[in-house]
Chemist: 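The structure's right below; bear with me while I get my questions together.
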Amino acid sequence: MQKIQMTTPLVEMDGDEMTRILWADIKDMLILPFVDLKTEYYDLGLPHRDETRDQVTIDSAEATKKYGVAVKCATITPNAQRMTEYNLHEMWKSPNGTIRAMLDGTVFRAPILVKGVHPTVRTWEKPITIARHAYGDVYRNTEIKVPGAGKAELVFTGEDGQEIRQTVFQFKGPGILQGVHNLDASIASFAHACFQYALSVKQDLWFSTKDTISKTYDHNFKDIFQEIYDKDYKAAFEAAGIEYFYTLIDDAVARVVRSKGGFIWACKNYDGDVMSDMVATAFGSLAMMTSVLVSPDGKFEYEAAHGTVTRHYYRHLKGEETSTNPVATIFAWSGALRKRGELDHLPDLCAFADKLEKATIDTIESGVMTKDLALLWEGECTAINSKQFLQAIADRLN
Ligand code: NAP
Ligand code: MG
């Protein structure tokens, strides 16, 4: 059989623990037999990040800027315990944080649906993707515990000496006080990433804030989105037959629960934090959640939303079999290969990505799956280990 050809390399970011093992198996069993795989390989496994003093993470983000599409394995974010476990030189920052900052990107999280695992919300038939703004608001706040009576003011002092001053509240007794901020540039990047992503997956984009109450702060988000939409994306949305829709957060919540799914919901930082946990849980399992980082200039990095599954890895090291779910990591690969195919006009590569996803879903829907899914499954099924599951998918692909 002739293998499918690629023209531009994918940026491949290898990772840690159980997902690193799955990574190699997915490549060997599901991709290399079919695709003449071209990647530029970066080892983001913790030992190599430490050896390179984290330079490899920066290099991999630069490569993503250069080539446009990356696929990433889950990685350890070191804490005190990892410092000893890996004898690290430093407590390196989260690679995802470093890459997100360098690409100025927004993270989109979407569940993978299979028949047999039903969302808790009965009307949901298609995935709901949450786009969370990743800068500012309450995550960069300044807080004061007000000790007693006194006046709280909001003061802005411009570099040109201009002063803007407003009374927040005249306290008569103790209380609390909080200052938050955001940046037009960051909101604009978020908006571009959302519009780009909606176009790339051809789904409607919803955006919600509380602009009726927050008439300046939240309203600024709404205005920036609308301006950018009208100027840069309206025509493309109409051509693609998709819609941009702004509504109040309360209305959005009610509509989401009544909806069939199949759209992107852009949320401010706090709303996105809370709503992504709600949506993920209602869809079923973290092991079935994909994650894509999209930069405002249209660079894409695909990964699974879960971590390195440490508990399973320690069992693996003891020689025990594990039934770790590889689906989100497989979909990270298929997403990246499809995007590469679209950008390079390689229909065979796009078709392979579709087949790989279909073989994975069909395998599960035939009742063959890993243990975590078997626990959620309604009806008869066979729970097998990771390797056997990958083999079942490979058989179907063949
Ligand atoms: P985790 O790796 O997502 O695993 C938490 C638990 O969820 C697992 O113990 C397992 O439950 C279940 N689970 C997650 N993914 C699964 C899968 N594919 N198949 C089956 N079960 C799965 O989170 P964590 O244990 O909190 O974090 C482990 C490491 O991952 C940490 O070092 C953290 O820094 C890192 N992390 C990385 C990323 C990333 O790179 N994007 C994201 C999150 C965390 P059972 O043990 O009950 O089976
Ligand atoms: Mg959260």
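All ligand and atom numbering here is 1-based and tracks the order in the structure. The structure displayed is predicted, hence computed values, not measured ones.
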Chemist: Find all atoms of ligand 1 within a distance of less than 4.0 Å from any non-hydrogen atom belonging to T310, and give their numbers and elements.
Modeler: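 Going through ligand 1 atom by atom, the ones under 4.0 Å from T310 are 28 (C), 29 (C).
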Chemist: Give me the nearest non-hydrogen protein atom to atom 32 (O) of ligand 1 as residue plus atom name, then the distance to 0.1 Å.
Modeler: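 Atom 32 (O) of ligand 1 sits closest to the protein heavy atom R82 NH2, 3.0 Å.
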Chemist: So, Y313 and T19: side-chain donor and acceptor under 3.5 Å apart, yes or no?
Modeler: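 There is no such pair between these side chains.
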Chemist: Just to confirm my output: which protein heavy-atom neighbour is closest to atom 40 (O) of ligand 1, and how far is it?
Modeler: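 Checking every protein heavy atom, the shortest distance to atom 40 (O) of ligand 1 gives T75 N, 3.0 Å.
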Chemist: Is there a polar contact between ligand 1 and D372, counting only N or O atoms under 3.5 Å apart?
Modeler: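 Between D372 and ligand 1, no N or O pair is found under 3.5 Å apart.
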Chemist: With a 4.0 Å cut-off on N to O distance, would you call K234 and D230 a salt bridge?
Modeler: no
Chemist: Protein non-hydrogen atoms only, distance under 4.0 Å: does atom 37 (C) of ligand 1 have such a neighbour?
Modeler: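 So far as the 4.0 Å threshold goes, atom 37 (C) of ligand 1 is in reach of a protein heavy atom.
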Chemist: How about atom 26 (O) of ligand 1: does it have a protein heavy atom within less than 4.0 Å?
Modeler: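 No, there is no protein heavy atom closer to it than 4.0 Å.
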Chemist: Of the backbone atoms (N, CA, C, O) and the side-chain heavy atoms from C-beta on, which set of R311 has a member under 4.0 Å from an atom of ligand 1: side chain, backbone, both, or neither?
Modeler: side chain
Chemist: Regarding T157 and E163, is there a side-chain donor-to-acceptor distance under 3.5 Å anywhere?
Modeler: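 E163 and T157 do not have a side-chain donor-acceptor pair below 3.5 Å.
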Chemist: Looking at R82 and E85, does any basic side-chain N land under 4.0 Å from a carboxylate oxygen?
Modeler: yes
Chemist: Heavy-atom distance from atom 12 (C) of ligand 1 to the protein below 4.0 Å?
Modeler: no
Chemist: Please report whether ligand 1 has a polar contact with I76, defined as an N or O pair separated by less than 3.5 Å (distance criterion only).
Modeler: no
Chemist: Taking all non-hydrogen atoms of both residues into account, name the closest pair between W377 and G367 and its distance.
Modeler: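 Closest approach of W377 to G367: CZ2-CA, 4.5 Å.
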Chemist: Given the rule in the side-chain contact (heavy atoms from CB on, under 4.5 Å) test, do F34 and F352 qualify, once you have shown the distances and angles that lead to the verdict?
Modeler: CA-CA 8 Å; F34 307 98; F352 172 74; 3.5 Å; yes
Chemist: Would you say P326 has any N or O atom under 3.5 Å from an N or O of ligand 1, going by distance alone?
Modeler: no
Chemist: Are R255 and D251 within salt-bridge range, i.e. N to O under 4.0 Å?
Modeler: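 A salt bridge links R255 with D251.
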Chemist: In terms of side-chain geometry, is the basic nitrogen of D354 or R338 positioned less than 4.0 Å from the acidic oxygen of its partner?
Modeler: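 Salt bridge between D354 and R338, a charged N being under 4.0 Å from a carboxylate O: yes.
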Chemist: What about S323: any of its N or O atoms under 3.5 Å from an N or O on ligand 1?
Modeler: no
Chemist: If you measure from atom 2 (O) of ligand 1 to every heavy atom of L286, V309, T322, which option wins on shortest distance?
Modeler: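 Among L286, V309, T322, the closest heavy atom to atom 2 (O) of ligand 1 comes from V309.
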Chemist: Out of R49, R20, K72, which one pairs with D43 under the salt bridge (charged side-chain N to carboxylate O under 4.0 Å, His left out) rule?
Modeler: R20
Chemist: Considering only heavy atoms, which of T308, L373, T324, N96 lies nearest to atom 29 (C) of ligand 1?
Modeler: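 Checking each option, the heavy atom nearest atom 29 (C) of ligand 1 is found in T308.
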Chemist: Side chains of D36 and Q2: do they bring a donor and an acceptor to under 3.5 Å?
Modeler: no
Chemist: So that I can tick it off, tell me whether E153 and R165 are bridged by a salt bridge, with the cut-off set at under 4.0 angstrom between side-chain N and carboxylate O.
Modeler: yes
Chemist: Heavy atoms only: which of G307, G15, S94 lies closest to atom 23 (O) of ligand 1?
Modeler: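 Going through G307, G15, S94 one by one, G307 has the nearest heavy atom to atom 23 (O) of ligand 1.
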Chemist: Can you name the atoms of ligand 1, numbered from 1 with element, that are less than 4.0 Å from a heavy atom of K72?
Modeler: 40 (O)
Chemist: Considering heavy atoms of the protein only, find what lies nearest to atom 14 (C) of ligand 1 and give residue, atom and distance to 0.1 Å.
Modeler: H306 CB, 3.9 Å
Chemist: Checking a contact table here: which protein heavy atom is nearest atom 19 (N) of ligand 1, and how many Å away?
Modeler: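 Among all protein heavy atoms, the one nearest atom 19 (N) of ligand 1 is N325 N, 2.9 Å.
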Chemist: Are D218 and K210 ion-paired here, with the side-chain N under 4.0 Å from a carboxylate O?
Modeler: no
Chemist: Is any side-chain heavy atom of W206 closer than 4.5 Å to one of I264?
Modeler: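 No; the side chains remain at least 4.5 Å from each other.
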Chemist: Distance under 4.0 Å to a non-hydrogen atom of A287: what atoms of ligand 1 satisfy this?
Modeler: 16 (C), 17 (C), 18 (N), 19 (N)
Chemist: If you have a sec, work out which protein heavy atom is nearest atom 21 (N) of ligand 1 and how many Å separate them, to one decimal?
Modeler: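 I find the closest protein heavy atom is H312 CE1, 3.9 Å.
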Chemist: Closest non-hydrogen protein atom to atom 33 (C) of ligand 1, residue and atom name please, with distance?
Modeler: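 Going atom by atom, the protein heavy atom closest to atom 33 (C) of ligand 1 ends up being T77 N, 4.2 Å.
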Chemist: Is there a protein heavy atom at a distance of less than 4.0 Å from atom 5 (C) of ligand 1?
Modeler: no
Chemist: Taking only heavy atoms of A74 into account, list the atoms of ligand 1 that are under 4.0 Å away from them.
Modeler: 40 (O)
Chemist: Okay, side chain of S295, backbone of K299: is any donor-acceptor separation there less than 3.5 Å?
Modeler: yes
Chemist: Just let me know how E303 lines up against ligand 1, side chain, backbone, both or neither, with a heavy-atom cut-off below 4.0 Å.
Modeler: side chain
